[in-house]
Student: 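One structure follows; several queries about it will come next.
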Amino acid sequence: MQPFNYQKARQAENAVALVAPDAEASYLAGGTSLIDLMKLNVQTPRELVDINPLPLSKIEMQSNNLRIGAMARNSDVAYDAIIQQRYPVLSEALLSGASPQLRNMATVGGNLLQRTRCYYFRDTSMPCNKRIPGSGCAAIEGYNRIHAILGGSDRCIATHPSDMAVAMVALDAVVQTRGPNGERSIPLVDFHLVPGETPERETVLQHGELIVAVDLPASPNASRSHYLKVRDRASYAFAMVSVAAALDIQNGIIRSARIALGGVGTKPWRAYDAEKALVNKPANQAAFQAAANAAVAGAKPQKYNGFKVELAKRTIVKALTTVGGMA
């Protein structure tokens, strides 16, 4: 690990003022991802600004939105009574990720900013365009079983690892930020970027821009929602495929739908074509299968991950079947 300076910020404005002018400064929240990457010399900030003292951990209703502070711990969000009742997909997603110890430390803002779990990204002896732009992507010709089948480019096929972000994309979440140019509201579906020609740029955030909260709007389908995660082992494993599904069903007909996928995309993947295939259709197996087929129609599997296409379709159908059967 490289040497670094450390200081604490007491207010959001102070934190932004400390990080924004220094290209080698980073925010430190729970540290469950950043510290690991620093130990591997994948990330080497020279200045850490600890934002744990910031008063950004509340979970509270505001008009028709539920606002979750960026410093709220994942465990607190997962067990919040309002979230479990009104947004069950989010609680399920959080409880399917990491371990209880990590959930007690990890924050909502940090979760959204997780870096990929690609082994080539984490191995500094291997080329990686996310780590060193222009060095190449070892995964494309390497062992790419865990990699993306949606949203990749010839420069990067790494997946985004967050379970929480997949659920929040399905809930039409909006990220609230504060930065050197003021405040912004960013729909989460637009927050993460596909790699394209600049895989090193993973979000729309400017350097020093601080996530302060995430808003979940009221939705007719949010309470009828489910998160289904398929992984190599039962605990503490990242998704091979995951599905966040939410449906508004009236008299047996689907009036609106939200589907987001994890483990298959280079960002939390909103399956718009699958949603369109469901609207105004009966909530039955034929509609669910059509949606699943639509969700992966543009998939581009690699040498070792072609199984994800069929696995994604089956997982989507199972998740939708569960949601369709909810009272």
Side-chain angles (χ1 to χ4, degrees), residues 1-60 67-77 94 97-98 101-117 121-122 124 130-133 160-162 164-165 168 173-186 188 191-193 198-215:
M1 181 185 289
Q2 296 291 328
F4 60 89
N5 296 320
Y6 169 87
Q7 56 184 318
K8 286 188 177 183
R10 300 292 176 182
Q11 298 294 331
E13 295 84 355
N14 173 236
V16 172
L18 290 170
V19 172
D22 186 350
E24 295 189 343
S26 292
Y27 296 117
L28 175 67
T32 56
S33 178
L34 175 61
I35 300 302
D36 281 348
L37 295 176
M38 290 175 64
K39 290 177 180 178
L40 295 170
N41 286 322
V42 172
Q43 290 188 232
T44 55
R46 299 291 182 178
E47 187 87 22
L48 288 184
V49 176
D50 188 342
I51 57 174
N52 281 281
L54 302 188
L56 299 174
S57 60
K58 288 184 178 179
I59 305 171
E60 57 186 352
R67 173 157 290 186
I68 304 172
M71 292 301 299
R73 306 294 164 169
N74 286 358
S75 54
D76 292 335
V77 177
L94 286 165
Q101 295 89 341
L102 288 172
R103 291 195 296 267
N104 286 341
M105 286 298 296
T107 64
V108 166
N111 193 311
L112 293 178
L113 295 175
Q114 284 185 82
R115 307 298 300 275
T116 179
R117 294 290 162 166
F121 170 73
R122 298 169 72 86
T124 56
K130 277 189 180 296
R131 194 170 12 88
I132 304 176
H160 192 276
S162 174
M164 184 198 77
M168 285 187 167
V174 178
V175 181
Q176 306 296 338
T177 71
R178 184 170 301 164
N181 296 319
E183 298 179 352
R184 285 205 289 172
S185 296
I186 308 166
L188 183 55
F191 180 83
H192 297 97
L193 301 172
T198 55
E200 72 279 6
R201 187 159 186 251
E202 297 176 338
T203 75
V204 298
L205 291 183
Q206 304 166 353
H207 179 70
E209 193 169 6
L210 177 69
I211 299 173
V212 296
V214 178
D215 290 342

Student: So, does D50 use its side chain to make a donor-acceptor pair with the main chain of Q7 at under 3.5 Å?
Tutor: no
Student: Would you check if the side chain of H207 reaches a backbone N or O of D22 as a donor-acceptor pair within less than 3.5 Å?
Tutor: yes
Student: If you measure from OG1 on T177 to CG on L210, what distance do you get to the nearest 0.5 Å?
Tutor: 8.0 Å
Student: If we only count heavy atoms from C-beta on, is the V108 to M168 side-chain gap below 4.5 Å?
Tutor: yes
Student: Check whether any side-chain heavy atom of N5 sits under 4.5 Å from a side-chain heavy atom of R46, and report yes or no.
Tutor: no
Student: Could you tell me whether a side-chain N or O of R73 sits under 3.5 Å from a main-chain N or O of M105, the two making a donor and an acceptor?
Tutor: yes
Student: Flag the pair K130 and E200 as a salt bridge only when some basic side-chain nitrogen lies within less than 4.0 angstrom of an acidic carboxylate oxygen.
Tutor: no
Student: With no hydrogens and no angle check, is any side-chain donor or acceptor of R10 less than 3.5 Å from a backbone partner on P53?
Tutor: no
Student: Taking side chain as C-beta onward, heavy atoms only, is K58 less than 4.5 Å from R67?
Tutor: no
Student: Determine whether a donor-acceptor pair (N or O, by modelled atom type, separation under 3.5 Å) exists between the side chain of R131 and the backbone of F121.
Tutor: yes
Student: Quick one: pull up CG in N111 and CG in L102 and give me the separation to the nearest 0.5 Å.
Tutor: 11.0 Å
Student: Any heavy-atom pair between the side chains of T198 and P133 that's under 4.5 Å?
Tutor: no
Student: Would T124 and L40 count as a side-chain contact (heavy atoms from CB on, under 4.5 Å) if you check the C-alpha gap in whole Å, the side-chain angles of each, and the deciding distance to 0.1 Å?
Tutor: CA-CA 8 Å; T124 56; L40 295 170; 5.6 Å; no
Student: Calculate, to the nearest 0.5 Å, the distance between atoms CG and CZ belonging to N74 and R103 respectively.
Tutor: 8.5 Å
Student: Hey, what do you get for CG (L205) to OG1 (T203), rounding to the nearest 0.5 Å?
Tutor: 3.5 Å
Student: Any chance you could measure I51, atom CD1, to Y27, atom OH, to the nearest 0.5 Å?
Tutor: 7.5 Å
Student: Look up atom CD in E24 and atom CD in Q2, then write down how far apart they are to the nearest 0.5 Å.
Tutor: 10.0 Å
Student: Compare all side-chain heavy atoms of F191 with those of L113 and state whether any distance is below 4.5 angstrom.
Tutor: yes
Student: Would you call V77 and M164 a side-chain contact if the rule is heavy atoms closer than 4.5 Å?
Tutor: no
Student: Compare every heavy atom of N52 with every heavy atom of M71, then report the nearest pair and how far apart it is.
Tutor: CE-OD1, 3.4 Å
